[in-house]
Amino acid sequence: MHSLADLLLSWLPQQRWFAGKDRPVDGVSVVSATELRAGDPGLRHLVLEVRQGPVADRYQLFAGVRSELPDRVRPGLIGRVPLDGGPVHVYDAIHDPELTGLLLAAIESGAEVGPLRFHRVPGVPIDVTLPGAPTSAEQSNSSLIFGDAHICKLFRRLSAGVNPDLEVNLALTRRGSAHVPAVHGWFELVGDDGEPVTLGLLSEFVPGATDGWQLAVTSVRDWFAQPQEPGVFPDPALAGGDFGGEAERLGAATAEVHRDLAAEFGVSEVRPQDLAGLVHAMRAQLAEVAEGVPDLKPYVPAIGAAFDALSGLTGPLPFQRVHGDYHLGQVLRSGTGWVLLDFEGEPARTPQERVAPGHPLRDVAGMLRSFEYAARFLHADENYVTPDAAHALEARSEAWAERNRRAFCRGYAQAGGTDPAAHATLLRALELDKAVYEIRYEAGNRPSWLPVPLRSLAHLTRR
Ligand SMILES: Nc1ncnc2c1ncn2[C@@H]1O[C@H](COP(=O)(O)OP(=O)(O)O)[C@@H](O)[C@H]1O
Ligand SMILES: O=P(O)(O)O[C@H]1O[C@H](CO)[C@@H](O[C@H]2O[C@H](CO)[C@@H](O)[C@H](O)[C@H]2O)[C@H](O)[C@H]1O
């Protein structure tokens with residue numbers, strides 16, 4: 001029988017949340033194990049150290065332990081291992097409602113178990129009988145939904161310190177922002193040095209909401225299905241599932257959140273001549289990603305030129321705390337408006353980079369990239385679009401992306417954000433930088449999606 005570490009070697013790279021799929025895993029070890037429940041089923045919190053070449057990343061796993069495995073838990077199975085004197089099944093406990101409830105109970109009671117500390121925001125009622133079920137969302141971490149009351153995000157790859165998602169959400173909740181779900185609690189691991197490592201965030205669940213990605217892709221499908229009279233290109237505004245109005249409102253919500261972030265975390269003025277560090281970082285990422293993904297190489301000169309053009313900017317630039325990884329999957333349309341999620345920054349960046357102040361147009365650029373993704377991602381699905389049809393649909397994709405880009409930027413500027421139209425050089429460099437990041441992200445996390453950002457580079461670099 002294999003050891004748990006051996007089983008994890010092959011199990012981890014199959015998980016959506018595992019961020020190192022572009023490199024072989026050399027070794028896995030358990031560096032912290034905390035028993036949250038003894039018996040059958042049992043629950044242990046594990047911190048795993050995963051070694052890949054010179055890099056060692058830490059991931060967390062809530063490991064369920066059972067002698068017999070019910071079918072509902074089977075999707076999380078890691079394998080059978082010798083433990084506590086007998087062979088037992090070990091599995092990812094997010095699939096086991098008998099165990100997920102223990103997390104909510106620990107937050108409710110403010111429990112301390114070994115190095116784990118659970119916190120509850122005072123005054124928030126928590127019904128500990130609610131079972132937690134995993135979401136089916138396309139995401140980098142894992143989340144559990146408890147009834148229609150709470151959602152608990154388990155950060156998978158761990159980094160030292162307070163996670164920026166918790167830090168920013170606490171600040172915006174305190175400010176009474178209507179555009180973030182209220183924080184209900186969190187939990188962390190406190191190391192021997194007293195430093196916390198945020199492990200999870202419990203937030204208000206926004207019921208009946210749909211995320212921006214689903215809405216946008218539905219709109220794109222409707223638009224692709226819109227009939228066309230010979231020689232007359234249809235107006236995307238007249239398509240049944242038009243997203244333009246929502247894109248404009250999303251732009252406005254984004255500007256309001258930027259205003260609140262500036263008020264909470266401050267604004268510093270960066271002189272154009274001080275942008276050299278930023279350009280250097282953009283160029284370094286470009287070189288690194290092109291090395292790993294040769295298909296990026298033909299675009300390197302055009303992208304590099306767009307970065308260099310930043311040296312021609314004039315006037316001080318306001319830098320502030322931003323979302324940092326802004327896209328359509330990070331926004332929910334609730335019954336009352338747009339809600340922003342996941343202020344964790346880009347998961348493929350270092351913790352320092354994730355919290356570094358940036359120009360607010362960085363988020364605008366992220367969302368514009370997302371419109372490009374939504375407009376073209378169906379092209380990568382050969383069951384939906386044959387290579388010939390993909391060519392014919394390109395004009396439709398272009399029109400959809402353009403309409404929603406404009407609407408979003410209009411909403412953003414009208415609500416008081418920096419006018420994107422007046423900062424074309426900066427916006428272009430930020431958009432290309434985001435596209436390069438996406439190529440790295442897709443190679444490491446979802447290799448089958450790699451053609452999506454690669455294909456859109458042809459358009460971006462021609463603009
Ligand atoms: N407060 C919430 N209410 C309802 N659904 C949510 C909430 N927070 C997250 N979700 C759902 O979970 C998905 C992933 O959340 P997110 O915070 O972006 O996680 P990740 O960091 O793993 O990408 C979202 O796209 C959304 O569908
Ligand atoms: O998991 P996070 O939401 O923190 O962000 C990472 O994963 C995203 C995908 O889940 C990725 O976003 C890219 O794909 C989206 C479609 O799935 C698209 O809307 C985004 O524009 C595109 O960047 C994101 O880059 C990554 O950091």
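Order of listing sets the numbers, starting from 1, for every ligand and every atom in it.
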Side chains of [X] and [Y]: does their closest heavy-atom pair fall under 4.5 Å?
X	Y	answer
Arg369	His327	no
Tyr441	Asp325	no
Val47	Thr34	no
Ile303	Asp433	no
Leu201	Asn163	no

Can you list the ligand 2 atoms lying under 4.0 Å from a non-hydrogen atom of [X]?
X	value
Arg16	9 (C), 10 (O)
Ser370	18 (C), 19 (O), 20 (C), 21 (O)
Trp449	16 (C), 17 (O)
Tyr437	25 (O), 26 (C), 27 (O)
Asp342	2 (P), 3 (O), 4 (O)

N or O pair under 3.5 Å between Asp342 and ligand 1: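 Yes, since at least one N or O of Asp342 sits under 3.5 Å from an N or O of ligand 1.
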Under 3.5 Å: N/O of Asp165 near N/O of ligand 1: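 No; the residue has no nitrogen or oxygen that sits under 3.5 Å from a nitrogen or oxygen of the ligand.
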Side chain, backbone, both or neither: which part of [X] comes within less than 4.0 Å of ligand 1 when only heavy atoms are counted?
X	answer
Asn141	both
Val206	both
Ile145	neither
Glu204	backbone

So if I count the atoms of ligand 1 from 1 in the order they appear, which ones are less than 4.0 Å from some heavy atom of [X]?
X	value
Leu341	7 (C), 8 (N), 9 (C), 10 (N), 24 (C), 26 (C)
Pro181	1 (N)
Gln330	18 (O)
Lys153	16 (P), 17 (O), 19 (O), 20 (P), 21 (O)
Ile151	1 (N), 2 (C), 6 (C), 7 (C), 8 (N), 9 (C), 10 (N)
Leu332	2 (C), 3 (N), 4 (C), 5 (N), 6 (C), 7 (C), 26 (C)

Roughly how far apart are [X] [atom1] and [Y] [atom2], rounded to 0.5 Å?
X	Y	atom1	atom2	answer
Leu286	Tyr437	CG	OH	16.0 Å
Leu36	Phe62	CG	CZ	6.5 Å
Leu432	Thr461	CG	OG1	7.5 Å

Does [X] approach ligand 2 within less than 4.0 angstrom via side chain, backbone, both or neither, non-hydrogen atoms only?
X	answer
Arg440	neither
Val452	neither
Arg446	side chain

Would you please classify the geometry between the [Y] ring and the [X] ring as parallel, tilted or perpendicular, with 30° and 60° separating the classes?
X	Y	result
Trp400	Phe371	perpendicular
Phe319	His359	perpendicular
Tyr412	His258	perpendicular

Gln330 touching ligand 2 at heavy-atom level, < 4.0 angstrom: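 Yes, Gln330 has a heavy atom closer than 4.0 Å to ligand 2.
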Non-hydrogen atom of Phe377 closer than 4.0 Å to ligand 2: no
Salt bridge flag under 4.0 Å for residues Arg156 and Asp92: yes
Distance-only N or O hit between ligand 2 and Asp325, under 3.5 Å: yes
Tell me, please: is [X] in heavy-atom contact with ligand 1, that is, under 4.0 Å?
X	value
Asp211	yes
Gly329	yes
Ser140	yes

Within 45° cone and under 6.0 Å: Arg396 NZ/CZ vs Trp223 ring: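 The answer is yes, since Arg396 meets both limits relative to Trp223.
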Shortest reach to atom 1 (O) of ligand 2 by a heavy atom, considering only Pro453, Ala435, Ser456, Ser140: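 Answer by nearest heavy atom: Ser140.
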Check: Glu256/His179 side-chain N/O donor and acceptor closer than 3.5 Å: yes
Centroid-centroid under 6.0 Å between His150 and Phe205 rings: no
Over 12 non-hydrogen atoms of neighbours within 6.0 angstrom of CZ in Arg157: yes
